[in-house]
Number of protein chains: 2
Amino acid sequence: MPGNATSASHAAASAADRAYAEIRGLILAGDASPGTPLREEALADIVGVSRTPIRDALRRLEAELYAVRTPGGRLVVADWNIDDVVEIFALRAMLEGHAAARAARRITASQLAELRSCNAAIEAAVANPEPDIAGFLAGNRRFHDLVLAASASVRLATMLTGLVEQPIVRRTATRYDRSDLARSAHEHGQLIQAFAARDEDWARAVMTAHIRRALHAFQDASPSK
Amino acid sequence: MPGNATSASHAAASAADRAYAEIRGLILAGDASPGTPLREEALADIVGVSRTPIRDALRRLEAELYAVRTPGGRLVVADWNIDDVVEIFALRAMLEGHAAARAARRITASQLAELRSCNAAIEAAVANPEPDIAGFLAGNRRFHDLVLAASASVRLATMLTGLVEQPIVRRTATRYDRSDLARSAHEHGQLIQAFAARDEDWARAVMTAHIRRALHAFQDASPSK
DNA sequence: GTTGCTGCTAATGTATACAAAATCGTCCAT
DNA sequence: ATGGACGATTTTGTATACATTAGCAGCAAC
């Protein structure tokens with residue numbers, strides 16, 4: 001069943017949630033490029049709801065820095081330069097490293113088993129000569145969500161949601177290198193080992209390295225500058 | 001003992017901002033104890049505005065984890081146990097340490113001068129046998145805000161606002177004796193030295209130690225459990 | 001030609017009315 | 001008496017109407 005975390009599910013969610021997902025989708029897909037004003041009424045027409053849930057969604061997007069407020073109080077799509085992306089990865093490395101350290105102390109046997117099977121799925125997705133990118137991304141995301149759940153810190157989870165997806169805005173032209181994907185799965189394996197050993201320093205170091213490597217893979221694959 | 005730090009400016013802010021400040025004040029002052037339901041209409045009556053800005057304020061408070069949502073969608077005042085407080089300090093230590101490291105690279109001469117004069121004011125506030133706690137708190141907060149500004153990361157600033165729980169700072173400080181306050185000012189002095197030397201590792205270490213010491217001062221002063 | 005004012009327009013902020021959903025009490029059946 | 005289901009009431013979600021304010025165009029004065 002595809003129903004993964006935040007995306008999808010246009011079905012039963014509230015109007016505010018649908019509005020959030022849809023507007024965020026517009027931004028991430030590049031349909032709303034940086035600087036584009038986010039006018040409540042126009043968005044209400046697009047999403048098909050009233051301004052009230054739109055406002056709700058926009059406040060969330062503003063809090064997550066997908067949108068920024070002009071001096072006059074209007075919202076526009078945020079413009080992330082390469083420094084912002086680097087900063088996002090740096091924060092992720094710190095926070096997810098911390099999450100991994102907490103998880104190493106707290107993870108249960110069943111959570112560990114879930115992590116193993118999740119990473120097995122990731123390895124399967126990248127095993128073929130023609131890797132299953134979508135499968136990898138979904139599995140990767142689930143893996144990190146599981147770690148976050150094992151860390152048992154709602155505050156950490158709150159801070160990390162939104163931080164994870166933002167760099168993909170700039171990744172439209174990025175190609176995925178199969179060896180990078182395989183290395184990622186291997187690092188997940190190391191993390192699982194660290195969890196099994198309940199070594200929080202090891203877990204933190206592996207996770208930090210994992211994310212910082214992702215940063216540099218991203219930078220190498222980007223049209224640079 | 002009414003008008004404390006965070007309240008302030010009931011004057012020109014928007015209704016939503018006033019509502020946010022007022023409700024947050026109720027929570028921080030303990031007038032709304034953990035588990036107390038936050039009903040929109042009741043709060044609208046208290047604040048004297050309609051439900052719309054109240055909802056706005058509640059969403060912010062929810063995002064900052066001052067309030068949590070019950071399964072049914074109702075909001076109640078969050079209950080922070082001692083582990084949450086430890087986690088908050090740990091995150092602050094990481095993030096403010098990161099901010100200090102960034103600031104060490106970016107701080108300007110005038111910002112450094114501001115920092116010096118700010119810390120001079122703090123030292124003056126704690127110099128007397130009967131230290132000026134309010135003055136210390138205001139100065140302390142300004143000092144950390146200046147560092148955050150020098151770090152030049154809106155994302156970091158966004159994440160840290162809401163993490164810097166005023167009540168904790170206050171409770172910690174009120175249990176400080178004079179030598180603790182002086183030590184805090186001294187640590188600020190070290191940080192200024194690190195900035196002047198543009199040594200980001202030093203700055204990060206000093207800031208991390210500064211905040212972690214505050215945690216333990218808080219723990220020592222708490223009735224534990 | 002430029003600057004500054006004035007009025008209009010468009011956008012957000014706020015209030016209220018209405019709809020949907022959840023909680024809680026009550027009543028019925030067992 | 002207890003369990004469950006139903007319905008009334010409370011509460012939140014959504015829509016819409018109104019108020020306020022920022023932006024901007026156009027015009028006038030210099």
Side-chain angles (χ1 to χ4, degrees), chain A residues 6 8-27 31-79, chain B residues 8-27 31-79 158:
Chain A
T6 63
S9 71
H10 282 255
S14 72
D17 291 337
R18 289 200 316 269
Y20 171 80
E22 191 153 346
I23 298 168
R24 183 162 159 277
L26 291 175
I27 296 173
D31 294 344
S33 52
T36 304
L38 294 165
R39 278 169 286 118
E40 296 175 358
E41 207 161 2
L43 293 168
D45 290 343
I46 292 172
V47 180
V49 297
S50 79
R51 274 180 58 208
T52 308
I54 294 289
R55 285 173 65 80
D56 224 77
L58 288 177
R59 290 291 152 72
R60 278 200 258 171
L61 292 164
E62 182 191 359
E64 293 169 356
L65 297 180
Y66 286 102
V68 295
R69 202 164 276 273
T70 68
R74 283 143 161 81
L75 281 177
V76 298
V77 177
D79 184 18
Chain B
S9 70
H10 280 255
S14 72
D17 291 338
R18 288 200 316 270
Y20 170 81
E22 192 152 344
I23 297 168
R24 185 164 167 276
L26 290 176
I27 296 172
D31 294 344
S33 53
T36 303
L38 294 166
R39 279 171 285 117
E40 297 175 358
E41 206 161 3
L43 292 168
D45 290 343
I46 292 172
V47 180
V49 298
S50 80
R51 275 180 57 209
T52 308
I54 294 289
R55 285 175 64 81
D56 223 78
L58 287 178
R59 291 291 153 73
R60 279 199 259 170
L61 292 164
E62 183 190 358
E64 293 169 356
L65 298 181
Y66 285 102
V68 296
R69 200 164 280 271
T70 68
R74 280 138 163 83
L75 281 178
V76 298
V77 176
D79 184 16
T158 302

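Every heavy atom of this structure was used, including side-chain atoms; hydrogens, water molecules and symmetry mates were not. First the proteins, then the strands, lettered A, B, ... as listed; each starts at 1.
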| request: Kindly write out the residues that satisfy side chain to side chain contact (heavy atoms under 4.5 Å, CB included) with B:Ala16, not counting sequence neighbours, or none if the list is empty. | output: B:Ser14, B:Pro53, B:Asp56, B:Arg60
| Residues two or more places apart in sequence or in another chain: which of them pass side-chain hydrogen bond (donor to acceptor under 3.5 Å, both in side chains) with A:Thr70? | none
| said: Please encode protein proximity along nucleotides 10-19 of chain C as a string of B, S and -, counting only heavy-atom distances under 4.0 Å. | reply: -SBBBBBB--
Atom pairs and distances, side-chain donor-acceptor, residues 44-52 of chain A, under 3.5 Å, sequence neighbours left out:
| unit_1 | atom_1 | unit_2 | atom_2 | d |
| --- | --- | --- | --- | --- |
| A:Ser50 | OG | A:Thr52 | N | 3.3 |
| A:Arg51 | NE | A:Glu40 | OE1 | 2.9 |
| A:Arg51 | NH2 | A:Glu40 | OE1 | 2.8 |

| request: Check salt bridge (Lys or Arg N to Asp or Glu O under 4.0 Å) between A:Arg74 and all other residues, then give those that pass, not counting sequence neighbours. | output: none
| request: Output all residues satisfying side chain to side chain contact (heavy atoms under 4.5 Å, CB included) with A:Glu41, sequence neighbours left out; order by chain, then residue number. | output: none
